[in-house]
2 protein chains.
Amino acid sequence: MRHETLPNARHLQPAGLIPVAPELMLCGCPELVGTSFSYGREEEIFGEGEEADFVYRVVKGAVRTCKMLSDGRRQIDAFHLPGDLFGFEMGARHRMTAEAVADTTVLLFRRRQIEDTASRNVDAACRLWDLTLRSLGHAQEHMILLGRRTALERVAAFLIHMDQRLGATGHVDLAMPRRDIADYLGLTLETVSRALSQLQSEGALRLDGARKVTLDRKRMSAVVED
Amino acid sequence: MRHETLPNARHLQPAGLIPVAPELMLCGCPELVGTSFSYGREEEIFGEGEEADFVYRVVKGAVRTCKMLSDGRRQIDAFHLPGDLFGFEMGARHRMTAEAVADTTVLLFRRRQIEDTASRNVDAACRLWDLTLRSLGHAQEHMILLGRRTALERVAAFLIHMDQRLGATGHVDLAMPRRDIADYLGLTLETVSRALSQLQSEGALRLDGARKVTLDRKRMSAVVED
DNA sequence: CGCTATATTGATGGCGATCAACAAATGTGG
DNA sequence: CCACATTTGTTGATCGCCATCAATATAGCG
């Protein structure tokens with residue numbers, strides 16, 4: 001049994017004092033105040049197999065959670081953007097690795113505190129259950145994408161989804177490289193790049209630099225068509 | 001707003017009276033007593049988009065939950081065997097279709113009752129949360145299979161998993177046809193059949209009839225090797 | 001038995017992976 | 001600020017796995 005340790009962190013910024021800012025709380029509970037941590041690009045937040053003592057909320061930046069096989073094959077199960085929670089686990093240990101995709105700030109919540117709160121506050125417990133159901137819903141959507149969608153459909157669906165999460169402006173600013181998109185979509189980075197080029201040649205999007213994409217939302221939707 | 005109706009069912013077998021049998025309860029709660037229903041092979045239990053008023057537990061048989069695209073592509077997200085719960089949803093409506101793979105008996109629990117119980121009984125709420133986290137964990141495992149595994153690995157992993165769920169005897173009795181296995185693994189039924197033949201020729205398993213498989217667990221594990 | 005549903009096996013083709021070269025963006029030190 | 005190195009992204013050529021189409025075999029069932 002090892003001692004509970006703090007995670008790797010560049011800079012510790014202690015949370016504000018007496019009047020708790022609402023954005024520091026989890027599920028609106030004043031007793032669940034997060035501690036701010038920052039991670040550099042590509043830095044590991046937690047690794048598969050580590051003790052799952054904390055739950056995280058993204059404040060700034062982007063995080064990927066993924067699984068790897070021994071031969072290096074990787075599957076990214078989700079990208080977490082500002083406002084998103086990640087790090088919930090069934091057992092005592094993480095079954096995923098979490099890494100910062102870009103320079104990232106997160107809020108850290110002690111898992112025991114969350115569980116204590118949930119066991120006393122019914123409303124918080126329901127909200128936590130709902131969050132887990134939401135993750136499950138996302139995973140289920142992703143399974144049909146991975147199992148049954150073509151490469152072009154996957155890339156289009158990904159961009160549409162990112163656009164919606166970033167405000168549905170049609171201007172998507174991708175935080176992650178091609179390789180990460182590929183590992184999220186079950187493709188290679190070359191196939192992702194080709195799909196983007198094809199979507200551009202079809203007039204469904206425009207690439208204003210590799211990470212900046214402008215979508216024609218109507219034509220993009222026509223590509224996925226479920 | 002439509003009236004809450006009972007699901008399709010062949011035979012209604014009213015639950016036992018005064019002393020509630022433990023196998024009829026959910027999470028060990030005496031107030032959560034299920035009602036037994038039976039469905040024939042290929043019969044729909046609930047459809048995507050329907051009101052999610054019930055949660056189900058398999059008593060006998062097997063159930064598949066799946067999503068479909070408009071052009072007929074299908075992804076089965078899970079097979080539910082005796083003891084398994086299914087039908088939990090985030091919102092008011094089912095986002096999946098559930099169908100009986102074989103002649104099946106389920107217990108039906110009113111969702112409102114479950115939520116009422118969870119809001120009063122902390123222990124039950126935690127168990128329900130844990131069940132959802134378990135489903136999420138399964139979905140995450142399945143994503144790396146769908147995104148990064150070869151056909152042979154998928155079929156081998158599926159058989160190993162089924163063997164474990166059925167008691168790890170090495171004798172797997174498949175309840176579902178090749179087509180369902182294929183739609184679960186993101187393959188075609190021909191590819192599933194070929195993978196089974198190849199595994200047999202490699203001595204990793206023996207087919208005693210299409211639905212009866214005897215595994216060499218050591219050699220099977222060597223195929224998936226994560 | 002014969003009828004039907006299910007499974008296996010074969011032949012062929014296409015989508016996406018792999019290997020490779022080049023281009024563009026980013027960063028670094030002089 | 002520019003020369004150079006490094007990382008990231010695009011595009012091309014080829015290959016292989018799995019899908020598709022097709023034929024046959026087997027199992028289940030009246």
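By convention in this document, chain letters (A, B, ...) are assigned in the order of the sequence lines, proteins followed by strands, and residues within each chain are numbered from 1.
- Between A:L152 and B:M176, the residue anchored closer to the 5' end of DNA chain C is B:M176, taking for each the nucleotide with the nearest heavy atom.
- Although no hydrogens or angles enter the test, the distance criterion places no donor-acceptor pair under 3.5 Å between the side chain of B:R95 and the main chain of A:E141.
- Between the side chain of A:R154 and the backbone N or O of A:L146 there is at least one donor-acceptor pair closer than 3.5 Å.
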**OP:** Go along nucleotides 19-30 of chain D 5' to 3' and tag each nucleotide: B for a protein heavy atom under 4.0 Å from its base, S when only backbone or sugar atoms are that close, - otherwise.
**Re:** SBB---------
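- In this structure a side-chain-to-backbone donor-acceptor pair under 3.5 Å is missing from A:R148 to B:R73.
- Between A:R179 and D:dT8 there is no side-chain N or O to OP1 or OP2 distance below 4.0 Å.
- For B:D163, the side-chain contact (heavy atoms from CB on, under 4.5 Å) partners are B:A168, B:T169, B:V172, B:L215, B:R217, not counting sequence neighbours.
- Rounded to an integer number of Å, the gap from A:L185 CG to C:dC15 P is 18 Å.
- Judged by distance alone, the side chain of A:E43 and the main-chain N or O of A:E99 form no donor-acceptor pair under 3.5 Å.
- Between the side chain of A:D84 and the main chain of A:L81, a donor-acceptor pair closer than 3.5 Å is present.
- The A:A151 side chain lies nearest to C:dG16 when the options are C:dG16, D:dC18, D:dG9.
- In this entry the distance linking CZ of B:R41 with P of C:dA5 reads 10 Å, nearest Å.
- Rounded to whole Å, atom C1' of D:dT8 lies 12 Å from atom CD1 of A:I181.
- For the pair B:L189 CG and D:dC18 P, the computed distance is 15 Å after rounding to whole Å.
- Remark: P of C:dT8 and CG of B:L174 are 10 Å apart, rounded to the nearest angstrom.
- Side-chain atoms of A:R57 do not come within 3.5 Å of backbone N or O of A:F109 as any donor-acceptor pair.
- The CG atom of A:D208 sits 12 Å away from the P atom of C:dA25 (whole-angstrom rounding).
- Residue B:R211 is in sugar-phosphate contact alone, with no base atom involved, counting any heavy-atom pair closer than 4.0 Å across all strands shown.
- Summarising the geometry, the separation between CZ on A:R154 and P on C:dA17 is reported as 8 Å, rounded to the nearest angstrom.
- Of the listed nucleotides (C:dA7, C:dG16, D:dT11), D:dT11 has the atom at the smallest distance from the side chain of A:S197.
- In this entry the distance linking CZ of A:R149 with C1' of C:dC15 reads 17 Å, nearest Å.
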